[in-house]
Amino acid sequence: PTECFLSQSEEKQESTVKAKRRKKKKISDVLAKSAPKPGVPADLQHLLSQHFSATRSVIELEELKLSDSCFLPANDLTHSFSSYLKEICPKWAKLRKNHEEKKSVVMLVICSSALRSLELIKSMTAFKGDCRVLKLFAKHIKIKEQMNMLEKGVFHIGVGTPGRVKALVEQDGLCLNSTRYMILDWNWRDQKLRRMMDIPEV
């Protein structure tokens with residue numbers, strides 16, 4: 001009887017340990033409680049100063065600050081992607097016609113994953129018309145292929161992930177001199193409910 005009693009208490013202890021483990025807070029639980037709200041310029045400014053504060057002086061940090069005129073209104077979450085782009089780029093047709101520079105894009109859309117990039121490319125059909133869109137992510141596409149495409153043809157919109165865009169810029173495959181718009185996919189959340197800016201690597 002004593003042995004039976006001991007084994008029962010051990011089982012109880014195990015079950016309480018398991019229950020305690022389950023109660024551990026996850027980042028997705030915290031993020032689930034925060035309601036989606038449009039990003040504002042202050043969010044990006046704060047993120048930049050936070051990221052560079054360890055390596056830059058106070059004066060250098062001041063120089064990194066972007067003026068409010070650099071920012072266009074954020075999507076208030078009532079627009080589709082195409083209608084939002086039409087609102088912020090009313091002269092898109094003219095910009096598209098005048099763009100003839102290789103190794104560059106007029107509009108750069110940055111999002112957290114390759115799947116999200118494809119989703120956004122599909123949802124901008126009404127806006128882009130017949131302009132050329134280039135996929136700038138690592139999934140199934142080698143960086144050399146993208147560099148060759150940028151060198152040989154003229155592309156108007158680039159949609160991709162921060163890691164691949166950074167690599168292309170560093171390897172001189174993508175030039176940002178003629179880039180007029182940079183769209184950050186700020187509000188979208190992945191399966192773990194993380195926004196692009198919640199991912200430490202970004």
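Computed from a predicted model, the values in this text were never measured in an experiment.
- At a threshold of 4.5 Å between side-chain heavy atoms, the hydrophobic network of Ile, Leu, Val, Met, Phe, Trp and Tyr places Val154 and Leu134 in two separate groups.
- The two atoms that bring Leu184 and Met197 nearest to each other are CD1-CE, 4.2 Å, heavy atoms only.
- For Glu87, the side chain to side chain donor-acceptor pair (under 3.5 Å) partners two or more places apart in sequence, or in a different chain, are His79.
- Of all heavy-atom pairs between Cys131 and Arg96, the closest is CB-CD, 3.1 Å.
- Partner of Ile183 under the side-chain contact (heavy atoms from CB on, under 4.5 Å) criterion, out of Leu85, Leu72, Ile110: Leu85 alone.
- Met182 CE: 12 or fewer foreign heavy atoms inside a 6.0 Å radius.
- From Ser178, atom OG reaches atom CD of Glu101 across 4.0 Å, with rounding to the nearest 0.5 Å.
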Please test Leu48 against Leu64 for side chain to side chain contact (heavy atoms under 4.5 Å, CB included), starting from the C-alpha separation and ending with a verdict. CA-CA 8 Å; Leu48 286 170; Leu64 277 175; 5.7 Å; no
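- The NZ atom of Lys94 lies 14.5 Å from the SG atom of Cys89; values are rounded to the nearest 0.5 Å.
- His156 places no side-chain N or O within 3.5 Å of a backbone atom of Met107 that could act as its donor or acceptor partner.
- Considering only heavy atoms from C-beta on, Glu201 stays 4.5 Å or farther from Pro162 through its side chain.
- Side-chain contact check for Ser69 and Ser67: at least one donor-acceptor pair (N or O, by modelled atom type) lies under 3.5 Å.
- No donor-acceptor pair under 3.5 Å is formed between the side chain of Ser123 and the backbone N or O of Ser82.
- Between Phe52 and Glu60 there is no side-chain heavy-atom pair separated by less than 4.5 Å.
- Between atom NZ of residue Lys102 and atom CG of residue Leu150 there is a gap of 11.5 Å, rounded to the nearest 0.5 Å.
- Between Leu44 and Phe71, the closest side-chain pair of non-hydrogen atoms falls below 4.5 Å.
- Applying the salt bridge (charged side-chain N to carboxylate O under 4.0 Å, His left out) rule to Asp68 yields no partners; only residues at least two apart in sequence or on another chain are considered.
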Yes or no on side chain to side chain contact (heavy atoms under 4.5 Å, CB included) for Val109 and Phe81, after CA distance, side-chain angles and deciding distance? CA-CA 11 Å; Val109 182; Phe81 191 47; 4.1 Å; yes
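- Using modelled atom types, one side-chain atom of Asp43 and one backbone atom of Val40 make a donor-acceptor pair closer than 3.5 Å.
- In the hydrophobic clustering of this structure, Trp188 does not group with Ile121; members are Ile, Leu, Val, Met, Phe, Trp, Tyr whose side-chain heavy atoms approach within less than 4.5 Å, directly or through other members.
- If you take CG on Leu61 and CD on Gln50, they are separated by 11.5 Å, rounding to the nearest 0.5 Å.
- Comment: Asp198 does not engage Arg189 in a salt bridge, judged by the lack of any side-chain N to carboxylate O separation of less than 4.0 angstrom.
- Val133 and Leu176 end up in different hydrophobic clusters when Ile, Leu, Val, Met, Phe, Trp and Tyr side chains are linked at under 4.5 Å.
- Cluster annotation: Ile88 is connected to Met124 through the hydrophobic network of ILVMFWY side chains, with a link wherever side-chain heavy atoms come within less than 4.5 Å.
- Gln146 contributes a side-chain N or O that, together with a main-chain N or O of Lys135, makes up a donor-acceptor pair within less than 3.5 Å.
- If you chain together hydrophobic residues whose side chains sit under 4.5 Å apart, Met149 and Val159 never meet in one group.
- Closest heavy-atom contact between Pro73 and Tyr84: O-OH, 2.8 Å.
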Side-chain atoms of residues 111-119: list all donor-acceptor pairs with protein atoms under 3.5 Å, sequence neighbours left out, distances to 0.1 Å.
residue, atom, partner, partner atom, Å
Ser113, OG, Arg116, N, 3.2
Arg116, NE, Asp185, OD2, 2.7
Arg116, NH1, Glu119, OE2, 2.6
Arg116, NH2, Asp185, OD1, 3.2
Ser117, OG, Ser113, O, 2.9

Kindly determine whether Val105 and Ile157 satisfy side chain to side chain contact (heavy atoms under 4.5 Å, CB included), including the steps that lead there. CA-CA 5 Å; Val105 290; Ile157 302 173; 5.9 Å; no
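- To the nearest 0.5 Å, atom OG of residue Ser53 and atom NE2 of residue His46 are 9.5 Å apart.
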Could you walk me through whether Arg195 and Trp186 pass the side chain to side chain contact (heavy atoms under 4.5 Å, CB included) test, one step at a time? CA-CA 7 Å; Arg195 297 170 308 164; Trp186 193 274; 3.3 Å; yes
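- With hydrogens and angles ignored, the 3.5 Å screen pairs no side-chain donor or acceptor of Gln45 with any backbone N or O of Lys65.
- Residue Arg56 holds its CZ atom at 8.0 Å from NE2 of His51, rounded to the nearest 0.5 Å.
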